[in-house]
Amino acid sequence: MRPETHTGSHFSNVLLTGTILLAQVDFHGLFDYALKAAIGGAIWLGYKTTSDYLDRKRKSKQ
């Protein structure tokens, strides 16, 4: 019995799958989503930083 040789690689399978999936991506919609996510994350970070600052300030008065 001859040993089976594998001529393909994992990278080529990933590359083929990624190419097929990215061929149908709406980059304009993806950019809009990324922009909204970044703005939302910045707003959340601002609220969280302000909350932490006020909490530390309140605890230091006690």
Side-chain angles (χ1 to χ4, degrees):
M1 202 170 219
R2 284 175 41 189
E4 186 176 326
T5 59
H6 184 66
T7 58
S9 68
H10 180 69
F11 178 73
S12 64
N13 293 337
V14 170
L15 183 64
L16 178 63
T17 304
T19 305
I20 292 170
L21 290 175
L22 287 176
Q24 300 297 323
V25 172
D26 175 25
F27 287 105
H28 184 68
L30 187 62
F31 177 74
D32 286 343
Y33 179 77
L35 185 62
K36 289 176 186 176
I39 292 171
I43 291 171
W44 175 83
L45 183 63
Y47 280 125
K48 180 67 176 161
T49 305
T50 304
S51 171
D52 289 345
Y53 172 74
L54 293 174
D55 191 38
R56 270 188 271 125
K57 190 175 178 180
R58 183 180 55 89
K59 285 183 180 179
S60 67
K61 285 185 179 180
Q62 292 178 354

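Just so you know, these numbers come straight off a predicted model, no measurement behind them.
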Item to complete: Sequence neighbours left out, what passes side chain to side chain contact (heavy atoms under 4.5 Å, CB included) with Leu21? Give chain and number order.
Response: Thr17

Worksheet entry | Test side chain to side chain contact (heavy atoms under 4.5 Å, CB included) applied to Ile20 - qualifying residues, sequence neighbours left out |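 Ile20 satisfies side chain to side chain contact (heavy atoms under 4.5 Å, CB included) with Leu16 once adjacent residues are dropped.
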
Discussion item. Filter on side-chain hydrogen bond (donor to acceptor under 3.5 Å, both in side chains), then keep only pairs touching residues 40-55, sequence neighbours left out; what's left?
Written reply: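 Matches after skipping sequence neighbours: Asp55-Arg58.
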
Discussion item. Quick test of your reading: applying salt bridge (charged side-chain N to carboxylate O under 4.0 Å, His left out), list the pairs with at least one residue in residues 33-47, sequence neighbours left out, ordered by first then second residue.
Written reply: none

Discussion item. I need the full list of salt bridge (charged side-chain N to carboxylate O under 4.0 Å, His left out) pairs touching residues 21-30, with sequence neighbours left out, sorted by first then second residue.
Written reply: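 Salt bridge (charged side-chain N to carboxylate O under 4.0 Å, His left out) check on residues 21-30 returns no pairs.
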
